[in-house]
Protein chains: 2
Amino acid sequence: MKTAPKPAARAETGTLGKAVDVLDIVARADTPLRFTDILRLADQPRGTLHRQIANLLEEGLLVLNSDNSYGLGMRLMQLAAKAWSRNDLRLIAAPHLQKLHEATGETVHLGVLRGVDVVYLDKIESRQSVRMVSQIGNTAPAYCTGVGKAALSALPEAELDALVKQIRFRFYTSQTLMDKMALYRHLKEVRERGVAFDRQEHEVGIACVAAPIHLSNGAAGISVTGPSYRLTWQVLASYVEVTRKAAAAIMDDLAAGLAPRS
Amino acid sequence: MKTAPKPAARAETGTLGKAVDVLDIVARADTPLRFTDILRLADQPRGTLHRQIANLLEEGLLVLNSDNSYGLGMRLMQLAAKAWSRNDLRLIAAPHLQKLHEATGETVHLGVLRGVDVVYLDKIESRQSVRMVSQIGNTAPAYCTGVGKAALSALPEAELDALVKQIRFRFYTSQTLMDKMALYRHLKEVRERGVAFDRQEHEVGIACVAAPIHLSNGAAGISVTGPSYRLTWQVLASYVEVTRKAAAAIMDDLAAGLAPRS
DNA sequence: CGAAGGAGTTCCACTATTCGGAACTGTGTT
DNA sequence: AACACAGTTCCGAATAGTGGAACTCCTTCG
């Protein structure tokens, strides 16, 4: 029996899976990785890993820095830029985000659920600091962010259960939900109210209201976010309606214009 | 002899190569592709392609829309966001771009060469100008943009020659360089002056000055860009020095602080 | 209404590709 | 100069990807 105790059962994506594992390792590292570092983290024989990395380099998905450490390649940015510029949800949501921003004067976000995380697809900042990829494309745990909780609340029960099992609850602030029970209870309220609140659960000093967006294959959410000293309960409550309306409008447009080629 | 006339000799990246070919096909398409469309474009047998796409879906690199068309997946954005936020060149260049922006009041760009294209790595917009074509992560032909020509001028001769062979000259404006000869002549001037000018070569009404940045493994460039009615020859000329200085400062910092962990 | 065609999916024998150990080179350290 | 460690290359073995063909499902047309 050569069945070593594989920690997490990998999805069966064969060679491709191994390759993107390497990308993930490089992406997740918080310090530049050299060949041997990657070798330690990926569990693969040297020869194999070496060829894989060579292929990734060749394809521009990885780059070799002058100090022999690896980084993610420009090719990824090219692809992502296309992914972003053509994203239907984002294109359809954009005008509604704009309106929501004008109505509230606060920062608004659009995020989609990917596994247990939310990926921020678009945002309009209150001040004019339009750092494109800076925030956009970034990822945060779904269970402790406004859009994340809104999106989770839009999921069919079975999918939600499957997802919740994978969540690794982590302490961010004293308000962070720390277990399944708390999350389920919270999501029940979210479904009843139609919006999710975030009172400094991910980051101290940040609060938001978020509304869910049901997608055919997943879930997303939009939020109005700002400093908690300004977004008190009352203020947040006063934004509930506009936020919900915006989400509803986006869903309408999604259902209606399936192919809004701009 | 099964050696069918393969048009362009693929790099030997095996299975991975095929996979990213599919991604590229989807990225390049200007209309949503369904399975059979991809089948036509990729030359692979149905069964094979089907499994490859299934893998890409599983890995989140592709998504299947409700109308059975495929799009690029969120995973790419997650990876690209990391690639961007950790990019050394960008981090080092950022303060210098800021200074250059303050000195000129115009939009400034940072781009790196990738093959025959430039990928825009960062930018600081002048005012709240309407969305210019240059989003971060976007790609433009090197031979007809300021940063592109600056970057090309920084390349060792051999590499340049290899690259130029791959360029497909295309008509953008009446000013676009249309052949190798014109490009070589132009690049010679760029090297002599230390900066590249772009007088509406890529887009009518847009002009810029750009300075090259030599990298250990490639080339990049920065530019000051704006509307050509404002950026006359004289104005452009007056920006030459600051632009060159900024590029020089970036190269200094690159050489000095190899690991500026911020 | 039933047939025909097209789109997408599944299957399986074949073989090209990847695997992975080991040996080699090259670089920096004591 | 000798050592140790990082990175690279090689090659037989076998796994994983290939690709033809057959099957199902849906849409379109006679």
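Lettering of chains follows the sequences in order, A, B, ..., and the numbering in each one begins at 1.
- A donor-acceptor pair shorter than 3.5 Å can be found between the side chains of B/Thr13 and A/Glu59.
- Ion pairing of B/Asp117 with B/Arg114 is absent here, as no side-chain N (NZ or NE/NH1/NH2) approaches a carboxylate O to less than 4.0 Å.
- Between its opening and closing five pairs, the helix from C/dC1-D/dG30 to C/dT30-D/dA1 changes axis direction by 30°, a value rounded to 10 degrees.
- Distance CD1 (B/Ile53) to C1' (D/dT18): 15 Å, rounded to an integer number of Å.
- When every heavy atom of B/Ala140 is checked against every heavy atom of B/Thr145, the shortest pair comes out as CB-CG2, 4.0 Å.
- Between B/Leu97 and B/Val108, the shortest heavy-atom contact is O-CG2, 3.6 Å.
- Rounded to the nearest 0.5 angstrom, B/Leu64 CG and B/Tyr70 OH are separated by 5.0 Å.
- Each of A/Arg75, A/Met74, A/Gln78, A/Lys82 was evaluated against B/Thr139; a single residue qualifies, A/Gln78, per the side chain to side chain contact (heavy atoms under 4.5 Å, CB included) test.
- We find that A/Asp37 and A/Arg40 are joined by a salt bridge, their nearest charged nitrogen and carboxylate oxygen being less than 4.0 Å apart.
- Distance CG (B/Leu49) to C1' (C/dT10): 15 Å, rounded to an integer number of Å.
- Regarding B/Arg40, its CZ atom lies at a distance of 11 Å from the C1' atom of C/dA7, rounded to whole Å.
- The backbone N or O of B/Asp30 lies less than 3.5 Å from no partner atom in the side chain of A/Arg86, so there is not a single donor-acceptor pair.
- For the pair A/Phe35 CZ and C/dG26 P, the computed distance is 17 Å after rounding to whole Å.
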Enumerate the protein-to-nucleotides 13-20 of chain C contacts in which both atoms are nitrogen or oxygen and the separation is below 3.5 Å.
from	atom 1	to	atom 2	distance (Å)
C/dT18	OP1	B/Thr15	N	2.9
C/dT18	OP1	B/Thr15	OG1	3.0
C/dC19	OP2	A/Arg51	NH2	2.5
C/dG20	N7	A/Thr48	OG1	3.2

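- In this entry the distance linking CG of A/Leu33 with C1' of D/dA6 reads 14 Å, nearest Å.
- In this structure, B/Ile38 atom CD1 and C/dG6 atom C1' are separated by 17 Å, rounded to whole Å.
- For A/Tyr70 and D/dA6, the OH to P distance is 13 Å, given to the nearest whole Å.
- Sorted by first and then second residue, the side-chain hydrogen bond (donor to acceptor under 3.5 Å, both in side chains) pairs with a member in residues 151-165 of chain A read A/Asp161-A/Tyr184; sequence neighbours excluded.
- Rounding to whole angstrom units, CG of residue A/Leu39 and P of D/dT8 are separated by 12 Å.
- Between B/His50 and the phosphate of C/dG8, there is no side-chain N or O to OP1/OP2 separation shorter than 4.0 Å.
- Look at B/Thr36 and you'll find a side-chain N or O under 4.0 angstrom from OP1 or OP2 of C/dG8.
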